[in-house]
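Structure, as structure tokens:
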Number of protein chains: 2
Amino acid sequence: MTKTSKKKATIYDLSVLSGSSPSTVSAVLNGTWQKRRIKESTAALIRDLAETHQYTANRQARGLRSSRSGLIGLLLPVHDNRYFSSMAQTFEAHVRSKGQCPIVVSASRDPEEERKTAETLISYSIDELFICGATDPDGVHEVCETVGLKHINIDLPGTKVPSVISDNYQGGRMLTEAIIRHFPADQPLRPDELYLFGGRDDHASRERIRGFRAVKRELLGEDPDGCIQPTGYAPNNARLAFEAFYEKHGKLPRGVFINSSINFEGLLRFMAGHPHENFADLTVGCYDYDPFASFLPFPVIMIRQDVEGMITKAFEVIEEGRPQPRIHLISPELVQPRTALTGPLDALKDIG
Amino acid sequence: MTKTSKKKATIYDLSVLSGSSPSTVSAVLNGTWQKRRIKESTAALIRDLAETHQYTANRQARGLRSSRSGLIGLLLPVHDNRYFSSMAQTFEAHVRSKGQCPIVVSASRDPEEERKTAETLISYSIDELFICGATDPDGVHEVCETVGLKHINIDLPGTKVPSVISDNYQGGRMLTEAIIRHFPADQPLRPDELYLFGGRDDHASRERIRGFRAVKRELLGEDPDGCIQPTGYAPNNARLAFEAFYEKHGKLPRGVFINSSINFEGLLRFMAGHPHENFADLTVGCYDYDPFASFLPFPVIMIRQDVEGMITKAFEVIEEGRPQPRIHLISPELVQPRTALTGPLDALKDIG
DNA sequence: CTTGTTTGCACAATCGATGGTGCAAAGACT
DNA sequence: AGTCTTTGCACCATCGATTGTGCAAACAAG
């Protein structure tokens with residue numbers, strides 16, 4: 001093994017080896033050499049040396065000097081959720097295709113944590129920040145703003161910079177209508193048989209609930225307040241709500257609108273403790289898509305949010321010079337029961 | 001707003017404001033000030049200024065000087081998979097608790113991509129790298145080794161550094177046995193009725209298959225080679241395998257061992273095109289856990305790998321000075337049908 | 001052969017933090 | 001008062017890359 005090992009080559013090493021100055025080496029290797037009128041032969045020599053010595057630039061040094069890092073951040077509530085992890089997957093692909101490095105971090109839906117996490121990312125001089133599903137997007141905005149960091153909201157809107165979000169009102173309407181229409185005309189759903197569980201007081205939940213209530217009134221004529229059960233996002237709280245309902249009525253509602261797949265897990269936990277027959281006449285609509293959920297023993301109608309569309313839009317908007325803080329709505333898609341959609345994973349090569 | 005805005009405060013700013021030298025400011029703010037015999041009052045003053053001016057250290061500068069970045073990397077095959085995303089979630093919590101910054105990146109199971117991704121992370125001077133589910137762990141090892149970067153394998157073993165992996169042989173045995181025993185004694189499974197689908201020629205698949213075959217021979221006395229269908233990880237390949245089987249036999253096997261939840265999605269795709277009755281007598285064992293899958297209309301026995309245990313072990317091992325390249329096996333857990341387990345998400349606060 | 005222009009590159013400052021070294025002032029001791 | 005310690009901090013080189021500027025050599029024009 002040559003002296004290559006253990007210590008990475010720097011432009012100074014290559015400078016000695018090539019007989020050129022460090023600045024020349026730098027220029028050659030970062031592509032600005034034409035502008036600096038470096039001879040093609042000199043450039044070729046240096047590129048060659050770089051190759052054989054496996055030179056790669058020290059990004060910390062580059063970042064320090066240029067105050068750019070090549071890092072683009074994505075702030076998520078959590079990783080282990082199908083929706084957000086597909087956000088991460090899609091985001092990563094986009095960032096990589098721009099030749100930059102994605103850095104995905106979660107902040108547990110905690111406003112304080114969100115801000116601190118953003119601060120940390122900023123201390124690494126990230127170039128842009130995508131704020132996804134943040135509980136307090138404007139709080140994060142503050143810390144970005146003071147250092148002039150480009151940022152954008154996804155999934156939950158803020159008021160200071162553009163937001164790309166799912167059309168939750170429309171999605172809520174679609175899903176509610178689909179649930180109602182799923183019941184045969186001779187056994188129609190009564191208003192007090194259609195409940196909504198999960199979500200809390202965030203923009204997405206509010207919009208979905210608004211859509212739910214509007215459609216319910218339009219199609220069923222009525223919408224008792226008690227049918228809305230915003231239990232938060234924790235699966236166990238949702239479970240408790242189902243348990244409570246069951247205690248009181250001896251059964252579940254025939255129609256259930258569940259605010260997210262995480263809440264849906266609350267229903268699963270309920271199911272684990274109750275026999276099959278409780279679910280014979282149940283139709284669920286879930287505002288999230290999960291292929292396994294789609295094949296449960298009762299009809300599950302789902303909403304798939306257009307993650308690819310949102311990320312694409314977000315990149316478009318963030319590239320604009322001075323984007324207005326408007327909200328860009330991306331339409332979600334209704335998924336009928338027993339449907340196995342393809343996802344980003346299908347793009348992977350797998351030569352078995 | 002004070003002059004604080006737009007540009008981050010540096011130790012030089014604080015140095016001017018406090019009347020001390022930059023090195024003093026640096027020492028105070030990075031905790032080495034006692035060693036440098038800085039007066040408590042001086043330190044207090046500087047801390048105060050730092051506070052009011054919202055100073056945070058520029059990590060690129062610090063990293064450049066100290067050749068450490070505070071970043072710890074996790075290399076994943078993909079994000080949008082329950083197993084790997086819970087890896088990410090758990091990993092992140094551990095790293096944060098050490099006061100460092102997690103950086104999670106996926107490399108699509110592509111050896112070339114894995115190496116390039118590692119190179120990129122290295123160029124940011126990450127301090128440690130956790131290589132999870134890599135197709136070619138030893139390839140990644142090479143690039144880590146040349147720069148002296150601490151690293152460890154998770155989920156799929158390498159031969160050069162320690163590996164923390166699931167006990168796939170044992171898990172394969174458990175799952176196979178559970179499938180067989182799930183059939184009533186009066187309608188026992190025949191050897192040619194128990195198939196394995198999915199996976200490819202990686203260590204995990206091989207071990208699971210070894211466990212599968214061993215138990216099959218022990219309990220059913222025989223194990224025709226045709227019962228092993230390593231279709232790779234792509235859902236669609238698995239689907240095609242199911243379709244092919246169905247074409248040939250007019251039904252599915254009664255017992256199916258599926259190598260991963262991703263492959264399981266292949267079965268879902270098959271199901272979407274076939275009526276319910278094809279699954280009346282089906283029992284599935286899946287080497288992965290997904291709560292929704294656990295409640296499908298046919299019995300689904302699952303294996304949950306101990307992600308928390310693996311990550312914890314990995315951190316322990318990587319802290320050791322010169323760890324031997326041995327393999328640490330972590331036992332997975334058998335999950336009976338219709339079971340909704342809790343996960344990392346349950347730790348989140350959610351005050352609805 | 002002189003003057004002007006272009007080519008090709010070297011020099012040196014800079015980004016922000018770190019840490020070894022040196023040195024004045026304050027205190028201890030004789 | 002003189003010497004020795006200790007205290008408290010400033011100075012400066014350094015990490016590796018970027019970039020504005022300067023300048024000699026090569027070449028062109030007159």
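The structure displayed is predicted, hence computed values, not measured ones. The chains referred to below are lettered A, B, ... by the order of the sequence lines, with proteins before strands, and numbering in each begins at 1.
- The residue T10(A) sits close only to the backbone: its heavy atoms come under 4.0 Å of sugar-phosphate atoms, none of a base.
- Between R37(B) and N58(B), the one whose closest nucleotide on DNA chain C sits nearer the 5' end is N58(B).
- Regarding contacts with the backbone of dC9(D), a side-chain N or O of T42(B) is found under 4.0 angstrom from either OP1 or OP2.
- A straight line from CD of Q34(A) to C1' of dG8(C) spans 13 Å, rounded to a whole angstrom.
- Rounded to a whole Å, the NZ atom of K39(B) is 14 Å from the C1' atom of dG27(C).
- Between R65(A) and dT14(C) there is no side-chain polar atom (N or O) within less than 4.0 angstrom of OP1 or OP2.
- Distances shorter than 4.0 Å separate none of the side-chain N or O atoms of Y12(B) from OP1 or OP2 on dT18(C).
- For the OP1/OP2 pair of dA10(C) and a distance below 4.0 Å, the side-chain nitrogens and oxygens of S23(A) include no atom meeting the criterion.
- Rounded to an integer number of Å, the gap from CD1 of I11(B) to P of dC11(D) is 13 Å.
- Across the interface with DNA chain D, nearest-nucleotide mapping of A61(B) and S20(B) shows S20(B) to be the residue nearer the 5′ end.
- Taking 4.0 angstrom as the limit, S26(A) places none of its side-chain polar atoms (N or O) nearer than this to OP1 or OP2 of dA17(D).
- Not one N or O on the side chain of D80(A) forms a donor-acceptor pair closer than 3.5 Å with the backbone of Q89(B).
- Residue-level contact check: R36(A) touches the bases, meaning some heavy atom is under 4.0 Å from a base atom.
- Sequence order on DNA chain C of the closest nucleotides to V25(A) and L64(A) puts V25(A) first from the 5' end.
- Distance R68(B) CZ to dG19(C) P: 11 Å, rounded to the nearest Å.
- A side-chain contact (heavy atoms from CB on, under 4.5 Å) with I103(B) holds for exactly one of V95(B), I72(B), L75(B), L121(B); it is L121(B).
- Within 4.0 Å (heavy atoms only), S66(B) reaches no atom of the nucleic acid at all.
- A donor and an acceptor atom, one from each side chain of R96(A) and T117(B), are located under 3.5 Å apart.
- Formation of a donor-acceptor pair under 3.5 Å by the D138(A) side chain with backbone atoms of H141(A) is not found in this model.
- E40(B) has its CD atom 11 Å from the P atom of dC9(D), to the nearest Å.
- No contact: T32(A) has no heavy atom under 4.0 Å from any strand.
- Residue-level contact check: G31(A) touches neither bases nor backbone, having no heavy atom under 4.0 Å from any strand.
- Rounded to an integer number of Å, the gap from CD of Q60(B) to P of dT14(D) is 22 Å.
- The interatomic distance linking I46(B) (CD1) with dC9(D) (C1') rounds to 10 Å, in whole Å.
- Between the C1' atom of dA17(D) and the OH atom of Y124(B) lies a distance of 14 Å, rounded to the nearest Å.
- Just one of P137(A), S163(A), P162(A) meets the side-chain contact (heavy atoms from CB on, under 4.5 Å) condition when paired with P157(A); it is S163(A).
- Contact annotation: T24(A) reaches the phosphate of dA10(C) (side-chain N/O to OP1 or OP2, under 4.0 Å).
- Other residues, nucleotides and ligands place no more than 12 heavy atoms under 6.0 Å from the CD atom of E51(A).
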